[in-house]
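Reminder, nothing fancy here: chain letters follow the sequence lines and each chain counts from 1.
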Amino acid sequence: MKENLYQYILGIADNSLILGQRLGELCGHGPSLETDIACTNISLDLLGQVRNYYQYAAKIANDGRTEDDIAMLRNEREYLNVLLVEQPNTDFGYIIARQFLFDVYHLMFLNELQKSNDLTLSAIATKSIKEVSYHQRFSSDWIKRLGDGTEESRSRIQSAIDELWTYTDELFHLTEADEVMVSEGIGVDVTKLKEHYYKKVNDILEEATIQVPESKYFQKGGKKGIHTEHMGYILTDLQYMQRTYPNMEW
Amino acid sequence: MSEEQIKNLEEQFEARIARDEKIEPKDWMPEKYRQTHIRQISQHAHSEIVGMLPEGNWITRAPSLRRKVALLAKVQDEAGHGLYLYSACETLGISRDVLYEQLHSGKAKYSSIFNYPTVTWADMGAIGWLVDGAAIINQVPLCSTSFGPYARAMVRVCKEESFHQRQGYEIMLKLCNGTPEQKEMAQDALNRWWWPSLMMLGPTDDASVHTEQSMKWKLKRKTNDELRQQFIDQTVPQADILGLTIPDPDLKWNEERGSYDFGEIDWDEFWQVVKGHGPCNKERMKARVGAWERGEWVRDAAMAYAEKQQERKEKQAV
Ligand SMILES: [Fe+2]
Ligand SMILES: [Fe+2]
Ligand SMILES: [Fe+2]
């Protein structure tokens, strides 16, 4: 099996899976019907994209496991998503901040992945870009509304950005599998996206009258399967049926 | 306007409905017509929104990615139904905020079925199959109701509800063709959802207050009992295909009537749930009110931002 490619795909897919799962928790509980529909829609897009990745991973693994086995039956240490996406839905400010900090990265990432030598990955990227540009527009618009809305909303979105900032740096770390994939022209060299990312994020935050956090202390680990304490609970839900009723079709 | 003029208008109005003409929001209408429609359409909208909760309960735990995506899409459709129905209701001169207020204070009702808990994955199948199924039976006749915006909303809603029903049935089918444990899960869900689904079609005709007026305005074309019979006759053969047993020992084909006879519905349970004392009434309201209250600062921010943007635009124009 092409172990590096397999790991590489999981790294991409797990981000969207876990974020989609987090957004799925919100369905029916949003601050308005319109935002509820929008968050569900983003979750739906991400989980739709995820299916393409896991189906491809299943093909690469070629060991009889299905997309669902791969998505739902790994142990926590085998999930490779960044810490950012597993952060909880503390309030709508956090939901938007998490989405925004991820979307800006995600769109840049997909734009590069489109150029991959791997035709399946490049096709998935091309297919996903339209959806993800919509996500970025949605989250950026809300960053502006909350930042430049009321005093309360500014203070809430500011604390969300401050708290989640520590998880942004990890987006630009390369794992060993990433490095191999970059050298083969399959993977994206995310280190090259970093400067552009912070420029874009800072511009939008400034426009939203939100202060760009100055902290230089960052968290990492997700890409190596070392997660925050939230992760186990996310997986408890995600894996509930597959673990309780093994080897069945649904 | 003199009493006679009003009477004249009312006669013309009823004649238009009798001729199958649509009443549009700008047309003159009797106050009672307006109020009845506000009540019914908003009740329907609230049902869509509250109905998101029992199914939303399984999104994070759906057994496969395919099912998770389909369930998300379904719950999102229900939110969309709520949205068109609130909009249709707003054309009658009432705001969405007032409608929410009525829901949150308990003044407005929503479909009682959503006060039952979803305890296993099979409930996602049973709800689609039975609850969306009963909703379709209730709603198809409304596609030709007299109030234009409601009729048009219903055409769109019914199309999606039939899709939901097929999807629910397909979940059941998969369970029934699966392991004994899965089939048992399906039977258990049918046992729990069957009677509440029959209740969903409303109290028996002699206990139903609004029927006659509603018939005239085409808010109803068949009585609750007729609809219920239609639902049972349509659903029993579907249960047979699944190999599931309808939890009613009195259910029997009646050759003479060409319909199924069925057992007594527990109307005490129905009224208990309607009056707010079902298994989940309190949770459902807590979830809706909580979402609304937690969302207040967000809605305020959006409004403040929109106002600032407007001011900026005006300043630029000067
Ligand atoms: Fe609906
Ligand atoms: Fe409905
Ligand atoms: Fe539905």
Counting distance only, does the side-chain N/O of [X] pair as donor-acceptor with the main-chain N or O of [Y] below 3.5 Å?
| X | Y | answer |
| --- | --- | --- |
| B:Gln182 | A:Glu249 | yes |
| B:Arg288 | A:Gly28 | yes |
| A:Arg145 | B:Ala301 | no |

Of all of [options], which one pairs up most often with chain B through heavy atoms under 4.5 Å apart?
| options | result |
| --- | --- |
| A:Leu44, A:Ile157, A:Thr35, A:Leu47 | A:Leu44 |
| A:Asn41, A:Val50, A:Thr66 | A:Asn41 |
| A:Met72, A:Gln242, A:Arg154 | A:Met72 |
| A:Glu152, A:Met248, A:Arg22 | A:Met248 |
| A:Ile96, A:Thr40, A:Leu26 | A:Thr40 |

Going by heavy atoms in the side chains, are [X] and [Y] under 4.5 Å from each other?
| X | Y | result |
| --- | --- | --- |
| A:Glu34 | B:Leu83 | yes |
| B:Met303 | A:Thr150 | no |
| B:Leu53 | A:His29 | yes |

Best-contacting candidate, [options], against chain A by heavy atom pairs under 4.5 angstrom:
| options | value |
| --- | --- |
| B:Gln309, B:Glu293, B:Glu181, B:Lys308 | B:Lys308 |
| B:Glu307, B:Arg299, B:Glu55, B:Arg96 | B:Arg96 |
| B:Pro63, B:Ala304, B:Gly295 | B:Pro63 |
| B:Ala291, B:Gly51, B:Ala62 | B:Ala291 |
| B:Ile49, B:Val75, B:Leu71, B:Val69 | B:Val69 |

Qualifying residues under salt bridge (Lys or Arg N to Asp or Glu O under 4.0 Å), relative to A:Lys144, sequence neighbours excluded:
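Salt bridge (Lys or Arg N to Asp or Glu O under 4.0 Å) list for A:Lys144, sorted by chain: A:Glu207.
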Using 30° and 60° as the class boundaries, would you call the ring planes of B:Trp58 and A:Tyr240 parallel, tilted or perpendicular?
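Tilted, since the angle between the ring planes falls between 30° and 60°.
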For [X], look at atom [atom1] and say whether over 12 heavy atoms of other residues, nucleotides or ligands are found less than 6.0 Å away.
| X | atom1 | value |
| --- | --- | --- |
| B:Phe163 | CZ | no |
| A:Glu151 | CD | no |
| B:Arg156 | CZ | no |
| B:Asp97 | CG | yes |

Of the non-hydrogen atoms in [X] and [Y], which two are nearest, and what is the gap between them?
| X | Y | result |
| --- | --- | --- |
| B:Thr60 | A:Gly24 | CG2-C, 4.3 Å |
| A:Asp68 | B:Ser64 | OD2-CB, 3.1 Å |
| A:Leu17 | B:Leu65 | CD1-CD2, 3.9 Å |
| A:Cys27 | B:Met52 | SG-CE, 4.4 Å |

Any chance you could measure A:Asp237, atom CG, to B:Ile59, atom CD1, to the nearest 0.5 Å?
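Reported value, rounded in 0.5 Å steps: 11.5 Å.
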Rounded distance (nearest 0.5 Å) linking atom CG of B:Leu72 with atom CG of A:Asp45
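Reported value, rounded in 0.5 Å steps: 10.5 Å.
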Contact class of [X] relative to chain B, heavy atoms under 4.5 angstrom:
| X | value |
| --- | --- |
| A:Tyr245 | side chain |
| A:Asp36 | side chain |
| A:Arg156 | side chain |

Sort B:Met185 into side chain, backbone, both or neither according to what part of it lies under 4.5 angstrom from a heavy atom of chain A.
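Just its side chain gets close to chain A.
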Interface residues of residues 99-109 of chain B facing chain A - heavy atom cut-off under 4.5 Å
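The stretch touches chain A at B:Tyr100.
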Working for side-chain contact (heavy atoms from CB on, under 4.5 Å), residues A:Ile37 and B:Gln76:
CA-CA 6 Å; A:Ile37 291 176; B:Gln76 191 191 29; 3.6 Å; yes
